[in-house]
Structure formats: C-alpha cells, structure tokens
Amino acid sequence: MESSGENPASISRPDSAPHEDCGTLKYQLLGPSLTKAGQDSVDQQKVSEIIYNASKGSKFFNHEQDRDRNLTLKIERILKEKARLERLDLTSDLRRADEYLAELELSRDLSQHVIHVDCDAFFAAVEELDRPELKTVPMAVGKGVLTTCNYVARKFGVRSGMASFVAKKLCPQLVLLPQNYDKYTAKAKEIRAIMAEYDPLFESASIDEAYLNITAYCDENHLEPGEVVERMRAEILETTKVSVSAGIAANAKIAKIASNLNKPNGQFQVPNEREAIMEFMRDLSVRKVNGIGRVFERELESIGVKKCGDIFLHRALLAKLFGEKASQFLAQCYLGLGRTKIEPVETQERKSVSTETTFHEIGDKEELRAKLWWAAQELEKDLARTQFKGRTLALKVKLHTFEVLTRQIAPSRAVSLAKDLYSFALPMLAKLEKDIPNLKLRLLGLRCSNLVSTQKVGINFFGVATQPKPATEPNSEPILVSASSANPDHEISTERAFEAAARQEIQDEMNDLEKLSQETPDVSVAPEPKASAAPEVVEAPPIMWDCPICARPQIADDRTFNEHVDFCLSKQTIRQVVQDTSEEISLIPHNARKRKTPSQTVIPEMDPKQKRLFFE
DNA sequence: GCGGATCAC
DNA sequence: TATGGTGATCCGC
C-alpha cells in the first residue's frame with residue numbers, strides 16, 4: 001500500500017469506534033518480539049507507521065483490529081470491576097495476599113546458580129557461518145513469516161514473526177533465506193555437547209535455548225558463576241563459532257530475563273541476594289517476564305502495573321481481577337522467585353502431538369477433504385515417530401477471516417492411523433461446513449491429546465531398557481508416569497511387562513477387528529471424497545460409508561466395512577474388553593542421566609528416530 | 001471435558 | 001498479493 005502522507009490515526013474506519021484504539025492496535029501490529037534485543041536504536045514510531053500502512057485493509061489487519069477492540073472492551077470491564085472492588089472492604093483480600101507473599105518468601109532458595117543460555121540470532125548466525133558475506137547485510141530466515149533475522153536487519157525494525165512482505169517494506173534490500181532446520185539442529189547439537197560439560201542434566205528450552213544448574217560445577221572447580229559462564233561462552237564461540245548470551249541468577253525466571261540484558265554475546269548476573277533481586281524486579285517491566293505477553297501487559301498497565309514493583313501496591317485486587325493462578329504468578333514476579341529445578345526435557349511428559357498447515361483460501365469441500373487427509377497422514381507419521389496414540393482428537397481450522405475454531409472428540413480407543421484420524425475428524429469438519437455457510441479456510445490442523453504410549457520393550461535413547469507399562473487398574477496411578485513423579489525408584493516387574501505385551505497383542509487384534517465406531521453426529525452431511533484430490537495428495541482419501549448398524553462413517557473398503565458391521569453387531573461385549581485392555585502406559589526413563597563431573601560426561605549418539613523429538 | 005485465548009519460540 | 005507451526009496452560013462454561 002503506497003504512502004499517502006496522511007496520519008493513519010486520523011483515518012476513519014467504517015463500522016468501528018473512532019480512532020482512540022489506533023495506538024494500541026499499532027502496538028499490537030508491531031508483533032510480539034518488540035522486547036527483543038537489537039531494537040534500541042529503532043524509530044518505533046516510523047516502523048509502526050510502515051507496518052500499519054502495509055497491513056491496512058487486509059483480512060489479517062481486520063482480525064487484529066477485532067481482537068484489539070475486544071481487548072479494549074475487556075479492559076473496560078476490568079476497570080469497572082476494579083472500581084467496584086475498591087468501594088468494598090478489601091482488608092481480607094489484602095491479608096490473604098500478604099499471607100501468600102510471606103509463605104512464598106519462606107520458600108526462597110538462594111543456594112542454586114541457574115543460568116539461561118540463548119544463542120544470538122541463531123538461525124541467522126548459522127547461515128552466516130556458511131556465507132560470511134551475509135554478516136554485513138540485513139538478512140532474515142523464513143518464507144512467509146520471518147523466524148529470525150540478523151542484527152543488521154533489526155536496525156531497520158525487522159523482527160522475527162514479521163510477515164516477509166512487511167519486512168521488505170521496512171528494508172527493501174533484506175536478504176531472505178529459506179529455513180534449513182537440519183543445519184540448525186546439527187549446530188545445536190554441537191553447542192549442547194559443550195553445555196553438557198557444565199551440567200549434564202541441562203534443560204533444552206528450545207532449539208537455541210537452555211537452562212543449566214551450574215552450582216555443582218562452581219563448587220567442584222572453585223569458580224564463581226560469572227567466571228564459569230565466561231568460560232563456557234568462550235568455549236562455545238571458539239568451537240562452534242556461534243555466540244551466545246547468558247543470564248545468571250538464583251532461579252530460572254530471573255536467569256531468563258537476565259540473558260536478554262546483554263545481548264548479543266554478553267552475560268548478566270543478578271546476585272543471589274534477596275535485596276539485589278527485589279531491586280532488580282522493582283524497575284523491571286512486567287513484559288520482560290516470561291509468560292506475560294502483549295495482552296496481559298495491556299491489562300496490567302490499565303490498572304497501573306507497569307513494573308514488577310507495581311504489583312505490590314495492587315496485590316489485594318489481583319486475584320479477583322485476573323484469577324488465582326495469575327495473581328500467584330504475579331506475586332512470584334514481585335518477589336523474584338522462580339524454579340531452581342532444571343531437568344532434561346526427555347523426562348518431561350508430552351501432552352499432545354499435532355500438525356497444521358496454512359494454505360490459500362479453500363472453500364471447495366473436496367479440496368478441504370484432501371487437506372484433511374493430508375493432515376491425517378502427517379499426524380500418523382508424527383504419532384509413529386513419537387510412539388503415541390491419542391484418546392482425544394481435535395480438529396483446528398482457521399477461517400479466511402483468521403478466526404480460529406477447534407472441535408474435538410474422544411474416541412473410545414486411542415487412535416493413530418491416518419484413516420482413523422480422518423474418519424473421526426471428517427464429521428467434525430462436516431459439521432462446521434453445515435453450521436458455517438460458505439465456509440472458507442486458510443488453515444487446517446489435527447491434534448491428538450490424552451496420549452497413550454505405544455513404546456515397545458527395547459533400548460531407549462540413553463541405553464536404558466524400557467517397557468510399556470501394563471494396563472492400569474481402575475483406581476491406580478495417572479496415565480503417564482514421569483521421572484519426576486513421587487516414586488522415582490518404581491520398577492516394572494518382568495511378569496507385568498509380559499502381561500502388558502499379551503494385552504497389547506489382544507488390543508492389536510481388537511484394532512483390526514473393531515475398525516472404529518464412534519459417536520459421530522451429522523454424518524449425512526459429509527460428502528464422499530473422490531479420488532480426484534489435490535495434486536500434492538499422495539493417496540486419495542478413503543471413501544466413507546455409513547455403518548447400517550451404528551450409522552457412523554466407516555472406511556468403505558469391503559473387508560474393513562464388513563468387519564466393522566460384524567463388530568458393531570457384537571459391540572456391547574467387545575467394547576468392554578477393549579476398554580479394559582487399551583491402556584498403554586509409557587515408562588519414561590528415570591536416572592537416565594546423572595549430574596557428574598565434566599570429564600566423565602558422554603553425549604550418547606542420537607537414535608535418528610528420536611532425534612526430532614529430542615531437539616524440539 | 002470442551003472451546004477459546006494467551007504465550008513462547 | 002501477502003501474516004507460521006508446535007506445544008502448553010488457563011479460564012469460563
């Protein structure tokens with residue numbers, strides 16, 4: 001959109017309030033990474049004008065405008081509620097808040113040295129290693145949306161998460177590179193090998209970030225945390241040629257904030273002293289805290305909380321205005337408290353597996369089915385890779401207006417195969433088509449949650465024998481047992497493992513027999529997908545027939561269909577058995593890695609199948 | 001338990 | 001012309 005020189009704030013928009021929300025909208029349009037490093041010298045005013053003008057009138061823009069208006073309304077309600085509360089007697093709320101603060105204070109642990117390590121413009125930095133000439137020109141990685149950009153580009157206001165055409169408006173000479181994820185993963189592995197010397201139980205927060213607890217390392221080597229981090233950063237730069245920044249503090253929350261303060265290639269330490277920590281938090285913008293995003297920032301700002309220090313003044317109101325969890329979180333921010341427990345991601349249990357893709361607007365039903373089929377195939381692959389099935393299946397769509405909807409169902413048994421995923425998702429899509437006339441989508445995705453492990457007996461990533469846990473008894477443990485659970489020495493007996501294997505076999509037979517039968521309303525609406533799917537579809541979606549017994553859609557190939565009908569006739573008895581045997585429990589290895597001295601540390605070779613999971 | 005919303009990277 | 005994908009969590013109902 002060409003610049004006409006007019007002030008965007010003065011542009012009148014149809015069907016909207018006057019321009020008072022323009023400021024917040026422009027702020028919203030600046031994107032979530034405004035607080036990132038490398039933006040200090042940027043004229044944000046000018047940048048926001050350019051972004052505004054580039055976006056103006058688009059469907060994306062209109063959606064952002066809607067969201068902005070809704071947030072403004074929500075804030076009005078918050079302010080009204082605040083005024084109402086302030087007319088009441090708040091002494092008990094105040095007392096409750098103070099009691100909670102006192103209780104938290106008792107839990108303060110200043111004995112640990114936690115660091116957060118963050119690679120500087122990671123993807124861009126890796127690309128610059130291959131093409132050093134890019135170091136001096138503005139460059140970004142990503143196609144439709146930028147994932148990273150180098151510091152030269154940031155001087156133009158270019159940021160990660162920005163649409164590339166907008167970035168090009170800000171910086172026409174911007175060099176755009178496609179993502180090369182394998183390359184970044186390989187480099188991340190090099191960096192992690194070094195970090196493991198300092199803490200073998202380090203925690204990967206993402207491909208380019210990690211938390212380490214270096215308390216033991218400091219003690220064993222009689223070094224101060226600052227020295228250790230200087231050393232580690234130098235070692236990483238020396239051997240991998242990638243610069244990293246780090247934060248050093250008593251807990252993960254402050255370390256994370258601190259790692260951003262001397263970016264790039266720097267470090268910042270907050271001493272393990274209560275006074276120093278309180279002072280550090282006092283003047284810290286709430287937006288810098290991990291977990292407080294643009295929305296909560298605006299809500300807090302509206303009641304007068306801009307800095308973490310401001311939380312104290314408003315402590316009596318926070319629980320009623322923002323909820324219990326949020327107020328507890330804010331209390332921790334005020335005190336500068338955070339977790340000190342750093343543990344490998346492999347010990348943390350996965351909750352969902354999902355896939356989604358954005359495409360050009362599609363309204364054609366067959367084309368949408370082709371997309372759904374493709375998503376089902378992708379999810380099957382991801383479920384196979386991560387060795388899970390899902391007891392819950394969710395369909396996610398984004399309308400052409402950018403509005404997002406999700407619909408989910410809970411099949412009686414865990415699902416993982418593309419045709420099953422498709423069979424269960426199709427009625428949900430059909431219902432949306434029925435309920436929303438002229439449905440046009442720009443994104444479609446599938447997600448499995450309520451996961452059940454399909455991990456077989458074998459040797460896992462750390463060389464530890466693993467077995468699928470036998471089925472749970474009606475009143476027993478939660479579905480997934482992680483290393484962090486209460487009984488870390490819990491072992492599965494051989495007998496129980498055999499039992500499990502036996503039940504697994506029974507279940508596999510059931511799988512073949514049952515071929516799914518579900519509560520799927522509205523199947524008559526679902527048109528049958530034809531073989532003439534979109535070109536990129538490898539395999540045509542299966543043809544669906546309705547079962548004459550249960551009236552639910554089934555894969556229409558003769559054998560499958562007949563088996564289903566047979567099953568459906570005898571369902572009541574079999575269903576019970578299936579439910580009793582369908583529990584599969586993952587045993588996540590515990591004590592797989594132990595913190596030990598650096599010289600003893602071995603980085604095991606990666607099993608290719610587990611590789612992507614490990615690096616996620 | 002479901003669906004919307006927020007958040008991080 | 002045009003604005004991502006994956007995973008987690010919380011809230012209100």
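Numbered from 1 within each chain, the chains take letters A, B, ... in sequence-line order.
- Between A/Phe322 and A/Phe329, the distance from one ring center to the other does not fall under 6.0 angstrom.
- Both A/Gln408 and A/Lys74 lie close to DNA chain B; mapped to their nearest nucleotides by heavy-atom distance, the more 5′-ward contact belongs to A/Gln408.
- Between the C1' atoms of C/dG4 and B/dC7, the separation comes to 15 Å (whole Å).
- Distances shorter than 4.0 Å separate none of the side-chain N or O atoms of A/Asn70 from OP1 or OP2 on B/dA5.
- Of the side-chain N and O atoms in A/Thr406, none sit less than 4.0 angstrom from OP1 or OP2 of B/dG3.
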Protein-nucleotides 3-5 of chain C N/O pairs under 3.5 Å:
residue, atom, partner, partner atom, Å
C/dT3, OP1, A/Arg442, NH2, 2.1
C/dT3, O5', A/Arg442, NH2, 3.4
C/dT3, O4, A/Ser55, OG, 2.3
C/dG4, OP1, A/Arg442, NH1, 3.0
C/dG5, OP1, A/Thr358, N, 3.0
C/dG5, OP2, A/Thr358, N, 3.3
C/dG5, OP2, A/Thr358, OG1, 2.4

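- Between A/Asn450 atom CG and C/dA8 atom C1' the separation is 15 Å, expressed in whole Å.
- Within the 4.0 angstrom heavy-atom criterion, only backbone atoms of the sugar-phosphate kind lie near A/Arg294; the bases stay farther away.
- In this structure, CZ of A/Arg287 is placed 11 Å from C1' of B/dT6, rounded to the nearest angstrom.
- Counting any heavy atom pair closer than 4.0 Å across all strands shown, A/Lys168 reaches no nucleic acid atom.
- Among the atoms of the strands shown, only primed sugar atoms or phosphate atoms (P, OP1, OP2) are found under 4.0 Å from some heavy atom of A/Glu209.
- The aromatic rings of A/Phe123 and A/Tyr184 lie parallel to each other, with less than 30° between the two planes, well short of the 60° mark.
- Rounded to whole Å, the distance from CG on A/Leu405 to C1' on B/dC2 is 13 Å.
- For the residue pair A/Ser243/A/Arg233, the side-chain donor-acceptor check at 3.5 Å is not satisfied.
- Among residues two or more places apart in sequence or in another chain, the side-chain contact (heavy atoms from CB on, under 4.5 Å) test is passed with A/Gln408 by A/Thr392, A/Ala394, A/Arg447.
- Around the NZ atom of A/Lys307, the shell of radius 6.0 Å holds no more than 12 heavy atoms that belong to other residues, nucleotides or ligands.
- By the 6.0 Å contact criterion, NZ on A/Lys183 is enclosed, its count of non-hydrogen atoms from other residues, nucleotides or ligands being greater than 12.
- Annotation: of the two residues near DNA chain B, A/Arg407 and A/His116, the 5′-most nearest-nucleotide partner is A/Arg407.
- Atom CG of A/Leu446 and atom P of C/dT6 are 11 Å apart (whole Å).
- Atom NZ of A/Lys143 has 12 or fewer neighbouring heavy atoms from other residues, nucleotides or ligands inside a 6.0 Å radius.
- Using a 4.0 Å cut-off, no side-chain N or O of A/Arg447 falls inside it from OP1 or OP2 of C/dA8.
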Measure all distances between protein nitrogen or oxygen atoms and nitrogen or oxygen atoms of nucleotides 9-13 of chain C, and list the pairs falling under 3.5 Å.
residue, atom, partner, partner atom, Å
C/dT9, OP2, A/Lys351, NZ, 3.3

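- A salt bridge is defined here as a Lys NZ or Arg NE, NH1 or NH2 lying under 4.0 Å from an Asp or Glu carboxylate O, and A/Arg442 with A/Glu361 fails to meet this definition.
- For A/His63 and C/dA2, the NE2 to P distance is 17 Å, given to the nearest whole Å.
- Donor-acceptor pairing under 3.5 Å is lacking for the side chains of A/Tyr422 and A/Glu380.
- Atom CD1 in A/Ile292 sits about 13 Å away from atom P in B/dC9, given to the nearest Å.
- An OP1 or OP2 oxygen of B/dA8 is reached within less than 4.0 angstrom by no side-chain nitrogen or oxygen of A/Ser206.
- Here B/dC7 is the nucleotide among B/dG3, B/dA8, B/dC7 with the atom lying nearest to any side-chain atom of A/Phe296.
- Regarding A/Phe329, its CZ atom lies at a distance of 16 Å from the P atom of B/dT6, rounded to whole Å.
- For the pair A/Lys56 and A/Phe61, the cation-pi criterion (under 6.0 Å, within 45° of the ring axis) is not fulfilled.
- Nucleotide B/dC2 holds its C1' atom 13 Å from the CD1 atom of A/Ile409, rounded to whole Å.
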